[in-house]
Each structure stands twice: as C-alpha cells, then as structure tokens.
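Accompanying notes for the structure given below.
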Amino acid sequence: MEKFFATCPRGLEMILVDELRQLGADKVHAVGGGVQFGGDLMVCYRVNLESRIASRVLWQVATAGYRSENDIYRVAYAVPWTDWFDATRTIRVDVSATKSPLTSLNFVTLKIKDAVCDKVRQVSQRRPSVDTRDPDIPIQGHLTDREFTLYLDTSGEPLFKRGQRIATGEAPLRENLAAGILRLAGWTPGIPLLDPMCGSGTILVEAACMALDIAPGLGRRFAFEKFLNFNSAAWRDLIQRRTARHKARVALPIHGSDLDGTVLQAAQANLAGAGLAQVVSLQRASVLEITAPAKAGIIVSNPPYGVRLGEQQALAELYPKLGDVLKKQFTGWRAYFLSADMRLPKLIRLATSKRTPLFNGALDCRLFEYKMIEGGMRKKKPVPGNDGVTQ
C-alpha cells in the first residue's frame, strides 16, 4: 500500500474524507488543508480522475527526521527517482514548511533539486532539466519542526482546473470549492437548485456534472501519465468504465441568473464548453426580481464581497432588500451564501442557522446558511461572545 496526501480548500477536509472512502481509499485521516490516505496506484488514478474536492494528490516517497539542509540532501538523494522518471523529463521542486527551524526555504529547495539531479546523473550520466512553468515531474517537500517528507505530485495542474472553464469573472470561485459548498449545503441531484448571482457559472457547472455523474478529471491530463511505471492499459480501462456511467444530458432543475449581461455570457460559454447548455436554465435578472422556480429547493451563491468602499456601500443597500426577497419569495427553501463580508448576516436581517469557515484561495470566508421557514425567519439577537461559527 502506498501513502498519499490529497490537498483541498481549508474547511472541506471532512467532505474529502467521505469522498476518498467512496473512491476506495484506505486509512483515511484528515489534517489541516488535506487528507492522508493509503491505496495502490489505481486508487491514485481514480482519485485524480473522480475527486471533486481535492486540489492535488501527492504520493509520499520519503520521510525522515532532519536537523540541517545536509540531512535533507541525504534523504532526497536516497530516493530511487529513476524508478519513476529519467533524465529526459523536466522537474520542478516546491517546498512548504510548518514551524521548521531552517531559515531559508529557497536553500532547502536548491538542496532537494541538487539531490534529485545528482541521483539521476549517477544512474544515467545525464541530469534532468528544471522547468519552473510546466514541468513533467513536479516534486514537493514539506518540513515540520522535526520531520521532512518528499512527494511526487501525481496531478500536475491543480485538480480544480477541470479543463472546462472558458471564461471567468472578476473573482472566480474555484471549482472544487464550489463542489464542496454544494455538498455542505446538502444538495443532491433532483433537488431544485438556484444560483441568483451566478457570475461565470462555476456552481452551476459543478452541480450539472454531479447530477450527470461526469467525472471532473475527464478531458485533462495528469502528471502520473509521464511516470515510467504508469499503467496506460489500466488507465484507459478506468476512463472507459467511468465514461459509461454518464447520464443523459436532459434539462435539470438547475437554474442560474445574473443582472450583468457580460458575466452571464461567460456562464453560457462555460456551460456550452462543458456540453451542458441544454441542462441548466439561465436568465438575465436582478436578484431582487427573481421568483422561486419550485416550491422548495436550495439557493447556493457566491455574491460580490465589496472590496472597495463604493461597493461596500452598494452592498449595504442590497443585503436588506435581498433578505426581503428571500422571506417573500422563497419560503420552504434553504439559502447558502459564501462571503468574505462578515456584515452579511447583520445586514440581510435573517437568522443565520450556521456559519462554516471556508477559504476561497487565501480569502477567509464564511458559508452562511439561512432556512426560509415561515414565521421563523426574523433575525435573532446575538449571544455575547458567540459568533455562531461551526467548525
């Protein structure tokens, strides 16, 4: 059994745990920013292909204690790199650290790079080249206060890059975060879904792919395909079996709208590029003018955050009106808004039933949950010292 580490947006670790278990992973354990798991290389292939939540799948190839950069060089040199690639492949080394006593991660990166190149040259009399932009073999190192771990990045490009997005908005939502929010909202295919501020349509595309059982990794390439031990026959078989699970592309109760015609065109382009134009319903409309497309359902949206002063003032006027629309038009629905604007619960004037901490890239956000229950939607007075955050 090999050891792997799947990274993910912070706040989605337990969602990823459940997903990895469903994909056949063993010894699954969540830590901050990702999940450790075990399995053979086919499990690694499958997680890369099918995970909607993971950002990368890292294959652990060495771990040891260390005190100096020389210790790190010795550990890296001892790894059998030529089992996985030869000198014709380009490499890149990235290093992260948590409480490491070493002062220069750049020097650590250089020592790992030298060790890898020296080992390959010792075996084949040639050194691999470094490509910092588009390497064949991405290598990652991580330092804690006492331990050093080396990984082969089996994904290459981050897994949230599905290969489907054609156009983006001003602040695009990462695809795996959108998929995680849908899971946190309890949305499952068949439940009416609405994104009334859909932007470039990331939430809509993810929901439609989930409903049609389309694997997120289809149509893109992975770093593991360049490894010497890559099992191309098993990979082709996995692709064929996974593709056979796709459901018919028919109209689904998934709805999106936006007032901005330009971003709505981006959403249309992204849906069309993913072959989902006939699956999702889009309309140009203000969030303050929409009506519920069904008696009950789930709203999931990533509204504008208001970084600049003028935007903050505009949102301070929008949020109370949005709260009125939700009360009047969406009784029986649940609403989930991802926002870095912590004023939203106060200004929308609705009782927040849950606040889940999430990160959109480096941006600290909350997923605010509102249950539109008739007669029970007035904002409750806050309890001193309790911000209602759910971990």
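Count residues from 1 along the sequence.
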Problem set entry | Glu225 and Arg220 ion-paired at < 4.0 Å | no
Exercise. Crowded around Arg127 CZ? As in, over 12 foreign heavy atoms under 6.0 Å?
Worked result: yes
Exercise. Between Asn360 (side chain) and Leu363 (backbone), is there a donor-acceptor pair under 3.5 Å?
Worked result: no
For this session: Can you establish whether the number of heavy atoms outside Gln122 located under 6.0 Å from its atom CD is more than 12?
Result: yes
Problem set entry | Ion pair Asp324/Lys321, N-O distance below 4.0 Å | no
Exercise. Any sub-3.5 Å donor-acceptor pair from Lys119's side-chain atoms to Tyr77's backbone N or O?
Worked result: yes
For this session: Only one of Arg92, Lys226, Arg221 passes salt bridge (charged side-chain N to carboxylate O under 4.0 Å, His left out) with Asp136; say which it is.
Result: Lys226
Exercise. Between Asp145 and Ser100, do the side chains contain an N or O donor and an N or O acceptor separated by less than 3.5 Å?
Worked result: no
Exercise. Which heavy atom of Leu159 sits nearest a heavy atom of Val57, and at what distance?
Worked result: CD1-CG2, 4.0 Å
Exercise. Is the Tyr45 to Phe230 ring centre distance short of 6.0 Å?
Worked result: yes
Exercise. Which atom names give the shortest non-hydrogen contact between Pro345 and Thr352, and what distance separates them?
Worked result: CB-OG1, 3.5 Å
Problem set entry | Over 12 non-hydrogen atoms of neighbours within 6.0 angstrom of NZ in Lys3 | no
Problem set entry | Heavy-atom check, side chain of Arg162 versus side chain of Glu206, under 4.5 Å | yes
For this session: Assign the ring pair Phe330 / Trp333 to parallel, tilted or perpendicular, where the plane angle (0 to 90°) is split at 30° and 60°.
Result: perpendicular
Exercise. Going by an N to O cut-off under 4.0 Å, is there a salt bridge joining Arg133 and Asp131?
Worked result: no
For this session: Could you pull out the closest heavy-atom pair between Ala316 and Arg343, with the gap in Å?
Result: CB-NH1, 4.0 Å
Problem set entry | Pair Asn176-Ser55, side-chain donor/acceptor within less than 3.5 Å | yes
Problem set entry | Flag, side chain of Lys247 to backbone of Asp213, donor-acceptor distance under 3.5 Å | no
Problem set entry | Modelled atom types, side-chain donor and acceptor of Tyr73 and Asp118, under 3.5 Å | yes
For this session: Have a look at Cys209 and tell me which of Arg52, Glu175, His246 forms a side-chain contact (heavy atoms from CB on, under 4.5 Å) with it.
Result: Arg52
Exercise. Are a donor atom and an acceptor atom from the side chains of Asp86 and Thr88 found within less than 3.5 Å of each other?
Worked result: yes
Exercise. Leu105 and Ala97: which non-hydrogen atoms are nearest, and at how many Å?
Worked result: CD2-CB, 3.7 Å
Exercise. Between the side chains of Ser51 and Glu19, is a donor N or O closer than 3.5 angstrom to an acceptor N or O?
Worked result: yes
For this session: Without swapping roles, check the side chain of Thr7 against the backbone of Arg56 for a donor-acceptor pair under 3.5 Å.
Result: yes
Exercise. Would Phe337 and Phe368 count as a close aromatic pair, with their ring centres under 6.0 Å?
Worked result: no
Problem set entry | Tyr336-Glu369 side chain donor-acceptor pair, cut-off 3.5 Å | yes
Exercise. So, Asp71 side chain and Ser68 main chain: donor-acceptor pair closer than 3.5 Å or not?
Worked result: yes
Problem set entry | Heavy-atom closest contact (Trp187 atom, Ala211 atom, distance) | CH2-CB, 4.3 Å
Exercise. Are any side-chain N or O atoms of Ser339 and backbone N or O atoms of Asp341, one a donor and one an acceptor, separated by less than 3.5 Å?
Worked result: yes
For this session: Run through Asp153, Thr154, Thr149 and flag the one making a side-chain contact (heavy atoms from CB on, under 4.5 Å) with Tyr151.
Result: Thr149
Problem set entry | Polar side chain donor-acceptor pair, His142 to Ser96, under 3.5 angstrom | yes
Exercise. When you measure from the side chain of Ser155 to the backbone N and O of Pro158, does any donor-acceptor pair fall under 3.5 Å?
Worked result: no
Exercise. Does the Glu13 side chain pair with the main chain of Gly11, one donor and one acceptor, at a distance under 3.5 Å?
Worked result: yes
Problem set entry | Centroid-centroid under 6.0 Å between Trp235 and Phe224 rings | yes
Exercise. Okay, side chain of Arg349, backbone of Pro320: is any donor-acceptor separation there less than 3.5 Å?
Worked result: no
Exercise. Would you call Arg183 and Asp18 a salt bridge, using N to O less than 4.0 angstrom?
Worked result: no
